[in-house]
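What you see is a predicted model; the values in this text were computed from it and never measured.
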Amino acid sequence: MGGNWKDQFADAPDVLKRTPEDRSVVWAGAVPIGGDAFVTMAGPCSVETEHQLMETAVRVAAAGARVLRGGAFKPRTSPYAFQGLGLEGLKLLARAGEATGLAVVTEVMSAADAPMVAEYADILQIGSRSMENYALLEAAAKTGRPILLKRGMVATVADLLRSAQCIVSHGNPNVILCERGIRTFETATRNTFDIGAIVVLKEICRLPVIADPSHAAGRRSLVPVLARSAVAAGADGLIVEVHPDPDHAWSDGEQSLTFTEFGTMMADLAPWCELRSCCEYALETVA
Ligand code: PEP
Ligand code: MN
């Protein structure tokens with residue numbers, strides 16, 4: 001790669017670092033993302049019932065999560081699969097967030113829904129399948145809520161940054177990037193976790209970067225080690241699927257952790273998170 005390697009990111013001038021130390025901290029309610037503290041977002045793939053969500057929120061908060069995830073609008077591989085509870089799901093999320101002190105992140109799938117989702121959620125998630133839906137990005141940006149932008153499954157790092165730039169250009173600088181695995185020829189994992197993308201993003205871009213080991217892995221046994229590798233690569237946080245009874249989850253049960261597995265993963269990650277600031281320091285001095 002030549003000296004003009006960074007030219008490929010030229011469409012995203014406002015999200016690139018201006019100095020090696022440059023980094024944005026995005027506030028989700030009272031939770032800073034991209035600062036010194038590593039932040040874990042956790043919860044079920046889909047909001048199913050009040051009991052399922054509340055129980056999960058209480059347990060992930062006790063294990064150290066700061067943000068509750070849960071889909072009320074679900075982009076499924078099949079249009080005939082469960083599509084989410086919609087507004088009822090948003091209300092359950094807001095209630096669970098209030099009860100536990102967790103901030104709430106949930107996906108918005110259509111531009112028309114953006115103001116409604118923003119009433120109930122602290123962070124609007126743009127899913128992989130929507131990363132290049134610029135009308136949706138604009139509507140989400142204009143709500144003023146922080147945006148969690150997931151990398152499209154066939155999107156390059158430059159494509160991801162172009163979508164981030166689109167949100168920033170619509171007046172919303174509060175973007176969090178998420179590596180969730182990309183499509184390759186490999187079938188042993190659901191997607192191929194692109195750890196190199198995390199390192200590149202942390203080197204060139206000032207936005208916080210989180211990792212989604214659940215959708216990358218597709219199998220719960222792989223999730224804790226992928227999570228640890230994301231911490232080691234310098235990620236600012238994680239988004240992880242957790243369910244009270246994964247075998248009976250309405251979506252993505254195979255990759256969802258039980259409460260016990262999530263607790264163990266969080267405890268095991270703690271020493272790695274401690275080392276994270278040293279890792280960032282090394283990156284910045286090399287730049
Ligand atoms: C999800 O977070 O449940 C989800 C559908 O993620 P992705 O858009 O990364 O597939
Ligand atoms: Mn899912």
Side-chain angles (χ1 to χ4, degrees), residues 40-63 65 67-100 102-110 113 116-117 119-131 136 148 150 152-153 178 180-181 183 189-191 210-224 226-227 238-263 265:
T40 300
M41 311 181 182
C45 178
S46 299
V47 178
E48 298 169 5
T49 66
E50 177 158 24
H51 180 71
Q52 169 243 19
L53 188 66
M54 197 62 82
E55 193 186 4
T56 307
V58 168
R59 296 294 293 267
V60 299
V67 181
L68 175 66
R69 65 145 289 150
F73 295 94
K74 294 305 303 176
R76 304 300 303 283
T77 303
S78 164
Y80 307 110
F82 173 61
Q83 303 292 308
L85 296 181
L87 177 58
E88 185 51 33
L90 295 178
K91 290 181 178 170
L92 293 177
L93 281 163
R95 238 180 281 152
E98 260 166 51
T100 53
L102 295 169
V104 166
V105 59
T106 195
E107 178 161 352
V108 57
M109 285 177 61
S110 84
D113 289 341
M116 176 177 73
V117 178
E119 261 182 59
Y120 295 94
D122 299 288
I123 309 173
L124 302 194
Q125 175 173 324
I126 302 290
S128 289
R129 293 160 190 78
S130 303
M131 191 203 81
L136 174 60
L148 171 54
K150 297 190 92 175
M153 48 191 105
C178 179
R180 48 77 76 203
R183 276 277 164 88
T189 49
R190 180 174 175 181
N191 292 286
I210 68 165
D212 176 345
S214 307
H215 290 86
R219 279 178 46 225
R220 77 182 68 108
S221 65
L222 302 175
V223 169
L226 293 190
L238 294 172
I239 183 162
V240 181
E241 288 183 336
V242 179
H243 194 281
D245 181 9
D247 290 339
H248 295 98
W250 297 2
S251 60
D252 285 350
E254 329 74 63
Q255 66 198 33
S256 299
L257 301 181
T258 63
F259 297 148
T260 304
E261 287 165 342
F262 180 69
M265 182 189 85

Check your understanding: Do the side chain of Gln83 and the main chain of Ala81 share a donor and acceptor less than 3.5 angstrom apart?
Key -> yes
Revision key, fill the gap. Here the salt bridge (charged side-chain N to carboxylate O under 4.0 Å, His left out) pairs for residues 244-257, sequence neighbours left out, are Arg190-Asp252, Arg220-Asp247
Exercise for review: Evaluate the criterion side-chain contact (heavy atoms from CB on, under 4.5 Å) for residue pair Arg129 and Met153; output intermediate values, then yes/no.
Suggested key: CA-CA 7 Å; Arg129 293 160 190 78; Met153 48 191 105; 3.7 Å; yes
Review point. Any donor-acceptor pair under 3.5 Å linking the side chain of Thr56 with the backbone of Gly43?
Key: no
Revision key, fill the gap. In short, Gly97 meets Val104 closest at the heavy-atom pair CA-CG2, 3.9 Å
Revision key, fill the gap. Closest non-hydrogen contact found for Val223 with Gln255 is CG2-O, 3.9 Å
Review point. What is the minimum heavy-atom distance between Met109 and Leu136, and which atoms define it?
Key: O-CD2, 3.7 Å
Review point. What pairs with Ala216 under side chain to side chain contact (heavy atoms under 4.5 Å, CB included), at least two apart in sequence or on another chain?
Key: Phe193, Leu226
Practice item. Could you tell me which residues satisfy side chain to side chain contact (heavy atoms under 4.5 Å, CB included) with Ala96, sequence neighbours excluded, listed by chain and number? Key: Leu53, Met54, Ala57, Leu68
**Study point:** Min side-chain heavy-atom separation Asp212-Val240 under 4.5 Å
**Key:** no
Review point. Lys150 versus Glu107: any side-chain heavy-atom pair under 4.5 Å?
Key: no
Practice item. Could you check if a side-chain atom of Pro246 sits within less than 4.5 angstrom of a side-chain atom of Leu257, using non-hydrogen atoms only? Key: no
Exercise for review: Determine, stepwise, if the pair Tyr120 / Leu87 fulfils side-chain contact (heavy atoms from CB on, under 4.5 Å).
Suggested key: CA-CA 9 Å; Tyr120 295 94; Leu87 177 58; 3.7 Å; yes
Review point. Salt bridge (charged side-chain N to carboxylate O under 4.0 Å, His left out): which pairs involve residues 43-52, sequence neighbours left out?
Key: Glu50-Arg95
Exercise for review: Would you check if Ile126 and Leu148 make a side-chain contact, meaning some heavy-atom pair closer than 4.5 Å?
Suggested key: no
Practice item. Look only at the side chain of Asp122 and the backbone of Val105, and say whether a donor-acceptor pair between them is shorter than 3.5 Å. Key: no
**Study point:** Heavy-atom donor-acceptor pair, Glu261 side chain to Thr258 backbone, under 3.5 Å
**Key:** yes
Check your understanding: Are any non-hydrogen side-chain atoms of Val108 and Phe73 less than 4.5 angstrom apart?
Key -> no
Revision key, fill the gap. What one should report as the nearest heavy-atom pair of Pro44 and His243 is CB-CD2, 4.3 Å
**Study point:** Close side-chain approach of Val67 to Leu102, heavy-atom, < 4.5 Å
**Key:** no
Exercise for review: Find the distance between OG (Ser256) and NE2 (His248) and round it off to the nearest 0.5 Å.
Suggested key: 13.5 Å
Check your understanding: Taking side chain as C-beta onward, heavy atoms only, is Met41 less than 4.5 Å from Ile210?
Key -> yes
Exercise for review: For Thr106, enumerate each residue passing the side chain to side chain contact (heavy atoms under 4.5 Å, CB included) test, keeping only those at least two apart in sequence or located in another chain.
Suggested key: Ala72, Leu90, Leu93, Val117, Ala121
Check your understanding: Under 3.5 Å, is there a donor-acceptor pair between the Gln52 and Thr49 side chains?
Key -> no
Practice item. Decide yes or no on side-chain contact (heavy atoms from CB on, under 4.5 Å) for Trp250 and Lys74, but give the supporting numbers first. Key: CA-CA 11 Å; Trp250 297 2; Lys74 294 305 303 176; over 6 Å; no
Review point. Would you say Arg69's side chain and Cys45's backbone share a donor-acceptor pair under 3.5 angstrom?
Key: yes
**Study point:** Where Phe262 and Ala65 come nearest, the two heavy atoms and their spacing
**Key:** CZ-CB, 4.2 Å
Practice item. Could you tell me which residues satisfy side chain to side chain contact (heavy atoms under 4.5 Å, CB included) with Ala227, sequence neighbours excluded, listed by chain and number? Key: Pro213, Leu238, Met265, Leu269
Review point. Does any donor atom in the side chain of Arg76 or Ser78 lie under 3.5 Å from an acceptor atom in the other side chain?
Key: no
**Study point:** Min side-chain heavy-atom separation Asn191-Arg180 under 4.5 Å
**Key:** yes
